[in-house]
Amino acid sequence: MDRLQVENPIYPLLSLISSMLLLISGLIFVRQFYFPWLLLALCVLYGLFGFLKVLLRSMLFFIPVSLLFFLTSFLFQRNLTTAIQIGGRIMLVSLTALPVLVIPQIKLTRNLNQLRCPRVVTLGMLIAIRFVPVLAAEIRQVRAAMKTRGARMSFTSFSCLYRAFLIPLLMRLISISDTLSLSLETRGFSLSQKETSIYKPVSFTLRDACYACLTAGLIVTMILAYLSGS
Amino acid sequence: MMSIELKRFSVKEISFLAILAALLVLLSATTMPLMTITLYGLRNMANALFYGFFAMIALMKIRKPGAATLLCMFSATVLLLMSPVMFFNNIISALIAELISLLIFKNYRQEKAMILSAGLIIPITLPMTIVFGMLINRQRFSEIVDQSWLILPIIAGTFLLSFTGAFLGRKIGHELKKAGKLS
């Protein structure tokens, strides 16, 4: 996820809200004939705001994934329309998630702190997003240790999975969380809502306002097209 | 009068819940390919074991009202980037599950309360999926539940897997407690 981050993202909260609105409205219009135009419009919008490089990089992953979903759905359901809709939904999810994926997590947290969001939420959010790759690496390590001991990861040998995978993984998890909380507390972090200083405040710029207007315009156009069609 | 005891969370507890949520997201991502099958409740059933298990572990370490909701909220934060529907679905379901359990047992001192709370989270997402499907995807009830003969087995399977996960979590929780890791 770090490879997708850009230096100059859109205002974090705006990205989050606009992504949600675009996704929800996109899901409503997924069956309409103009749905591909929505995907194209999103690509143009991201290109205008300097996300072209990151868009191309992410599409290298998301296009094959959408195709895979399309093919699997077609194989299972034998219905071309449903398969196209599922493939389209995956593309929509990946495209609408892009402005949020490119935000450095710390900026999102700073933004929420500025808006006096409870620290329980911001801390939890930051850790949960940040630790996904760390835990993926931990899982790989536990599996490597299993291989070294000659244990095989299989759902048929549940006792082996339980002893050699689940217990060590949870032990590591508890150790990591203990170390993390100690590290946080020694740096003076607390969950109380008292006044704190934010070193690099995130501000709303003219560029963000333009992005908000264009996104709102896109959603309104979709609604108008939907109303005129029905 | 019956009242639910509310306690504050510490940094240690929040970091534990958040890391558990990250692992939950990672494991539940393995059920992503099921998105291609539009059978009602299948995705919920596939996630039931993971959610039951991790919610139980979370509640065994942090016996405070709101722990399961926070766990689901943190995991949903990651999902928010992919699906806002799942975000609201998870949080509301966890909240309702905890409320039901706490209204019956008042607190998490008894293991029954934790099992009920952890086991109910995913089954509650089943009716919520219908509501969100009708609201957001503009589907009719008959479209969502298109293969009605499969509904009962799927609902039963979701309950079974969710509570199996909770019992498995209890078993591992006891072992970790013996090792002094879950206190």
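A, B, ... follow the sequence lines: proteins, then strands. Residue 1 opens every chain.
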From Lys171(B) atom NZ to Leu166(A) atom CG, the distance as rounded to the nearest 0.5 Å: 11.5 Å
Side-chain heavy-atom pair Asp178(A), Phe16(B) within 4.5 angstrom cut-off: no
Step-by-step side chain to side chain contact (heavy atoms under 4.5 Å, CB included) determination, Leu23(B) to Leu169(A): CA-CA 10 Å; Leu23(B) 188 62; Leu169(A) 183 66; 3.9 Å; yes
Residue part contacting chain B, namely of Leu184(A), when any heavy atom lies under 4.5 Å: side chain
Region of Ser10(B) in contact with chain A, defined by heavy-atom distances below 4.5 Å: backbone
Contact class of Ala179(B) relative to chain A, heavy atoms under 4.5 angstrom: side chain
Side chain / backbone / both / neither for Glu13(B) at chain A, heavy atoms under 4.5 Å: neither
Student check: side-chain heavy atoms of Arg163(A) and Glu175(B) closer than 4.5 Å: yes
Reported CG-to-CG distance for the pair Leu173(A) and Leu176(B), which is rounded to 0.5 angstrom: 10.0 Å
Structural part of Val65(A) lying under 4.5 Å from a heavy atom of chain B: neither
Residue selection (most heavy-atom pairs with chain B, distance under 4.5 Å) from Pro99(A), Ala136(A), Ser181(A): Ser181(A)
Chain B contact via Tyr162(A) - which portion, at a heavy-atom distance below 4.5 Å: side chain
Side chain / backbone / both / neither for Leu70(B) at chain A, heavy atoms under 4.5 Å: side chain
Interatomic spacing from CD in Glu138(A) to CD1 in Ile19(B) - rounded to 0.5 Å: 9.5 Å
Reported CD1-to-CG distance for the pair Ile127(A) and Leu20(B), which is rounded to 0.5 angstrom: 12.0 Å
Portion of Leu71(A) that has a non-hydrogen atom of chain B nearer than 4.5 angstrom: neither
